[in-house]
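To keep things clear, I will list the structure first and then write my remarks on it.
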2 protein chains.
Amino acid sequence: MGRKRTKPGKIRLAEVARLAGVSPITASRFFRTPEALSVAKRVRVESAAKELGYVPNLAARALASQRTEVIGVLIPSLTNNVFADVLRGIYDALDGSRYSIQLANTRYSILQEEKLLRLFLAQKPAGLIVTGIDQTAESRSIMESADCPIVQIMEIGSNPIDMMIGFSHYEAGRAAISHLLAQGFGRIGFLGARMDPRVQRRFEGYQATLKQAALLDPRLVVTTTLPSSVKIGGALLADLLSKAPDVDAVFCANDDVALGVLFECQRRRIAVPDQLAIVGFNDLEFMEATVPTLTSVRTNRYEMGRDAAVMLVESIEGRRPQEPIVDLGFKVMERQSSWPRGS
Amino acid sequence: MGRKRTKPGKIRLAEVARLAGVSPITASRFFRTPEALSVAKRVRVESAAKELGYVPNLAARALASQRTEVIGVLIPSLTNNVFADVLRGIYDALDGSRYSIQLANTRYSILQEEKLLRLFLAQKPAGLIVTGIDQTAESRSIMESADCPIVQIMEIGSNPIDMMIGFSHYEAGRAAISHLLAQGFGRIGFLGARMDPRVQRRFEGYQATLKQAALLDPRLVVTTTLPSSVKIGGALLADLLSKAPDVDAVFCANDDVALGVLFECQRRRIAVPDQLAIVGFNDLEFMEATVPTLTSVRTNRYEMGRDAAVMLVESIEGRRPQEPIVDLGFKVMERQSSWPRGS
DNA sequence: CCTTCGCGTGGTAGCGCTGTCAATATTGGC
DNA sequence: GCCAATATTGACAGCGCTACCACGCGAAGG
């Protein structure tokens with residue numbers, strides 16, 4: 001019958017309470033709502049906990065309170081630099097807080113995302129950060145009925161599940177093309193890898209802007225579903241040049257691709273920007289170190305992660321932000337690779 | 001007195017057991033040691049669980065069993081591509097397994113690492129993956145008394161805490177320099193950023209090899225504690241050229257730095273490799289896409305993460321690997337940037 | 001002086017699961 | 001056909017913490 005599992009060396013909350021001369025529940029409150037204790041007891045419990053080296057048992061806490069202090073984070077890729085920055089923002093914001101992070105990788109699959117969502121929500125996280133706005137209908141309904149705050153990151157749209165922080169990839173795509181048009185380029189190609197929903201929307205911005213200028217030409221578009229990489233950038237450019245040798249500028253949906261394009265130009269002795277202008281996307285660190293420096297659309301990835309985490313925590317703790325949708329914007333960083341023709 | 005907290009909609013193990021017509025403990029065993037059940041009951045419990053959509057409560061399981069199925073991972077940086085690959089290996093290996101990952105970032109601080117170690121171990125993880133072999137004495141003793149398997153990754157050394165997987169950065173540094181010597185270069189510089197312990201050991205390999213060849217010259221060494229980046233690569237080269245204009249090759253402790261060096265060469269119209277050879281480290285994806293292609297030391301990062309996770313799981317489940325130290329080696333990828341002089 | 005209020009504190013009873021060990025079915029050996 | 005050995009199953013009592021409620025007390029109000 002039963003067992004004697006209690007290890008003698010184990011320091012439990014009860015021991016702390018005993019040493020402090022209070023009831024266990026009072027000691028418990030010290031760790032959750034210290035302001036509810038009288039100053040005297042607060043000090044007593046604090047020193048007792050310190051003396052015993054007490055560390056709360058999170059499993060017991062989770063079981064008793066029916067919730068955890070875990071924030072689930074779903075991102076599509078661990079390799080993509082873009083998400084590394086977002087993650088850094090999230091980790092920095094949550095560093096030193098009571099919350100811990102549970103990270104999972106959807107591999108750009110909304111079905112995988114749905115599966116992970118079920119897995120996460122079953123453990124009652126304190127909050128959730130998910131990437132993008134293209135969840136399955138099923139995922140949406142799971143999240144809508146979840147009883148924790150949720151922040152969608154990377155993009156903004158019109159109907160958030162709960163909260164949202166990001167920017168419009170469509171408008172960013174438009175801005176990139178408007179910049180090239182303003183610089184005097186007219187045969188503007190599009191090179192896209194992966195073609196995930198966000199790349200698609202940049203592409204839509206590209207299309208809309210060129211259509212408006214009556215300069216849209218499907219022969220100028222080369223895409224692949226392969227992941228973006230420097231190498232693929234070279235291949236995409238090679239493909240584009242064979243289809244449309246008169247192209248005078250390319251908008252690359254990723255900076256990796258833009259870097260690959262730059263090297264392909266070097267390989268083929270195509271002058272940048274005189275023969276071909278290049279615009280990338282995300283403004284990764286290397287874009288201002290290349291020769292020539294590469295124009296790119298800067299996105300605030302670190303801030304996105306950081307602010308998403310802050311919004312989430314505020315919301316968890318009952319201080320819901322006024323505005324559920326935060327537009328972090330973007331900025332076209334104009335560099336040498338898109339200098340006006342013949343300047 | 002007490003409370004009625006039991007939500008009616010909640011599906012617990014007891015419900016599954018009732019529907020399956022078995023005792024709760026038998027249902028419990030189905031999820032842990034299904035082979036211990038008779039086939040008939042196994043089927044009954046399985047279909048009952050499916051019908052009810054039962055999801056185990058991990059907090060309760062952790063509390064009752066006094067252990068978790070969480071694998072803690074401590075890495076120094078979220079930004080560095082190198083760790084992204086390692087992480088991908090870990091996540092891939094653990095995908096679909098019962099284990100979940102708890103990731104934390106030490107920011108290259110062994111004190112921060114010690115703090116995180118305490119935090120992690122207090123929650124009784126199933127296993128731990130830590131980066132490198134340079135823990136504090138305190139950290140080491142904490143880990144040695146932990147009752148879970150631990151894998152140190154990225155490097156190998158002589159006295160593992162438990163298990164180890166990586167390669168010798170010292171030997172890798174030696175190999176890079178031996179390659180340059182073999183190609184006929186003699187004034188070989190070293191450019192290092194961050195100067196974390198692993199970079200230090202590559203540097204030691206550099207020094208030892210050049211000393212042996214009587215070609216070591218402290219003026220050829222330029223380092224910074226700033227994080228590695230493409231931009232810093234250019235700055236380091238500029239610094240090196242001002243101190244030692246006769247340098248004919250550089251070994252960059254990171255590929256980012258190597259890329260920055262390449263661009264700085266383009267900026268200064270220094271021919272690579274005719275005037276300056278370049279060798280990088282890690283063999284990131286872009287190294288074979290540059291113009292000229294860049295020589296680098298390939299390290300098996302994905303495999304390192306993957307195999308570390310596999311070793312850990314095997315060990316957790318009682319199948320300790322024969323050999324606690326796994327050397328994954330490295331390979332000098334010889335490319336255009338280190339072609340022999342005048343070839 | 002008594003009532004009302006709210007603060008600070010404590011008692012009790014679980015949260016949902018599993019370790020231990022005993023009890024029962026099943027098998028094989030002679 | 002009987003007994004020991006093995007395979008299955010179940011009862012019980014927690015794991016360490018917190019939700020709920022109750023209670024005592026001093027201050028404010030009448």
Contacting residues from residues 16-30 of chain B, given that a heavy atom lies under 4.0 angstrom of DNA chain D:
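The answer is B:V22, B:S23, B:I25, B:T26, B:R29.
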Interatomic distance, [X] [atom1] vs [N] [atom2] [rounded to whole Å]:
X      : N      : atom1 : atom2 : answer
B:R12  : C:dC17 : CZ    : P     : 8 Å
A:R98  : D:dT18 : CZ    : C1'   : 13 Å
B:E35  : D:dT9  : CD    : P     : 13 Å
A:R67  : D:dT18 : CZ    : C1'   : 9 Å
B:K124 : D:dC15 : NZ    : C1'   : 10 Å
A:L63  : D:dA19 : CG    : C1'   : 12 Å
A:E15  : D:dC15 : CD    : C1'   : 13 Å
B:R61  : C:dC15 : CZ    : P     : 18 Å

So which of A:L103, A:V86, A:T106, A:V130 actually passes side-chain contact (heavy atoms from CB on, under 4.5 Å) with A:I75?
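Single pass found, and it is A:L103.
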Does anything in residues 102-152 of chain A form a ring-ring contact (aromatic ring centres under 6.0 Å, His included)? List the pairs, not counting sequence neighbours.
none
Which pairs count as ring-ring contact (aromatic ring centres under 6.0 Å, His included) when at least one residue sits in residues 20-60 of chain A, sequence neighbours excluded?
A:F31-A:Y54
By the side chain to side chain donor-acceptor pair (under 3.5 Å) test, which pairs, at least two apart or in different chains, include something from residues 29-41 of chain B?
B:S28-B:R32
Side-chain atoms of B:R32 come closest, of C:dG19, D:dC17, C:dC17, to C:dG19
Taking 4.0 Å as the cut-off, does a side-chain nitrogen or oxygen of B:Q66 come that near to OP1 or OP2 on D:dG16?
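Yes, such a contact exists.
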Is the phosphate of D:dT9, meaning OP1 or OP2, less than 4.0 Å from a side-chain N or O of B:S38?
yes
Rounded to 10 degrees, the angle between the two terminal axes of the helix from C:dC1-D:dG30 to C:dC30-D:dG1, each from five pairs:
30°
Enumerate the residues from residues 41-57 of chain A whose closest heavy atom to DNA chain C is under 4.0 Å, giving them by residue number; use none for an empty result.
A:K41
For B:N300, check side chain to side chain donor-acceptor pair (under 3.5 Å) against everything at least two apart and list the hits.
none
Among residues at least two apart in sequence or on other chains, which ones pass salt bridge (Lys or Arg N to Asp or Glu O under 4.0 Å) with [X]?
X      : value
A:R88  : A:D85
A:D327 : none
B:E46  : none
A:R67  : none

Could you check whether any side-chain N or O of B:S139 sits under 3.5 Å from a backbone N or O of B:Q135, counting only pairs where one atom can act as donor and the other as acceptor?
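Between the backbone of B:Q135 and the side chain of B:S139 there is no qualifying donor-acceptor contact (under 3.5 Å).
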Can you name the ring-ring contact (aromatic ring centres under 6.0 Å, His included) partners of B:F167, sequence neighbours left out?
B:H169
